[in-house]
Amino acid sequence: MSIQHDGKGHVIIGEAALSLALSEREISIESLIAELGFMARAGGSNARLTEISEATSWLRSFHEPEQAFRHVPYL
């Protein structure tokens with residue numbers, strides 16, 4: 001399962017972004033990764049933790065733009 005092929009990763013990233021926005025914090029790749037880490041530490045089902053892990057990995061790929069383009073062909 002990959003974040004580009006199912007939409008679930010986008011939902012979990014949206015959840016992290018909403019949490020940041022509601023607490024009036026900056027929304028950036030770094031803050032999203034940190035928020036996803038907080039969400040993972042809070043626990044949840046194995047499926048949720050997998051979604052968080054995949055979303056975190058996907059966001060980290062944007063620190064290396066050439067890798068992001070390789071993983072997301074529609075960019």
Quick one: side chains of residues 31-39, donor-acceptor pairs under 3.5 Å with protein atoms, not counting sequence neighbours, listed by atom name and distance.
{"residue": "Ser31", "atom": "OG", "partner": "Glu26", "partner atom": "O", "Å": "2.8"}
{"residue": "Ser31", "atom": "OG", "partner": "Ser28", "partner atom": "N", "Å": "2.7"}
{"residue": "Ser31", "atom": "OG", "partner": "Ser28", "partner atom": "O", "Å": "3.1"}
{"residue": "Ser31", "atom": "OG", "partner": "Ser28", "partner atom": "OG", "Å": "3.3"}
{"residue": "Glu35", "atom": "OE1", "partner": "Arg25", "partner atom": "NH2", "Å": "3.1"}
{"residue": "Glu35", "atom": "OE2", "partner": "Ser19", "partner atom": "OG", "Å": "2.9"}

Next on the checklist: Nearest 0.5 angstrom please: Trp58 CH2 to Glu51 CD, how far?
Outcome noted: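 Going from the CH2 atom of Trp58 to the CD atom of Glu51 covers 14.0 Å.
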Next on the checklist: Just verifying a value: how many Å separate Ser61 OG and Ile29 CD1, rounded to the nearest 0.5 Å?
Outcome noted: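 Interatomic distance, Ser61 OG to Ile29 CD1, rounded to 0.5 Å: 8.0 Å.
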Item to check | Minimal non-hydrogen separation, Ala17 against Ile27, with atom names | outcome: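 Closest pair (atom of Ala17, atom of Ile27, distance): O-CD1, 3.6 Å.
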Checklist entry - Linking Ile, Leu, Val, Met, Phe, Trp and Tyr by side-chain heavy atoms under 4.5 Å, what else ends up with Leu22? => result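 Direct or chained contacts put Leu22 with Leu18.
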Item to check | salt bridge (Lys or Arg N to Asp or Glu O under 4.0 Å) partners of residues 38-48, not counting sequence neighbours, each pair once | outcome: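 As it turns out, the salt bridge (Lys or Arg N to Asp or Glu O under 4.0 Å) pairs with a partner in residues 38-48, which skip direct neighbours, are Glu15-Arg48.
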Checklist entry - For Ala40, what residues pass the side-chain contact (heavy atoms from CB on, under 4.5 Å) criterion, not counting sequence neighbours? => result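 Ala40: side-chain contact (heavy atoms from CB on, under 4.5 Å) contacts with Leu49, Ile52.
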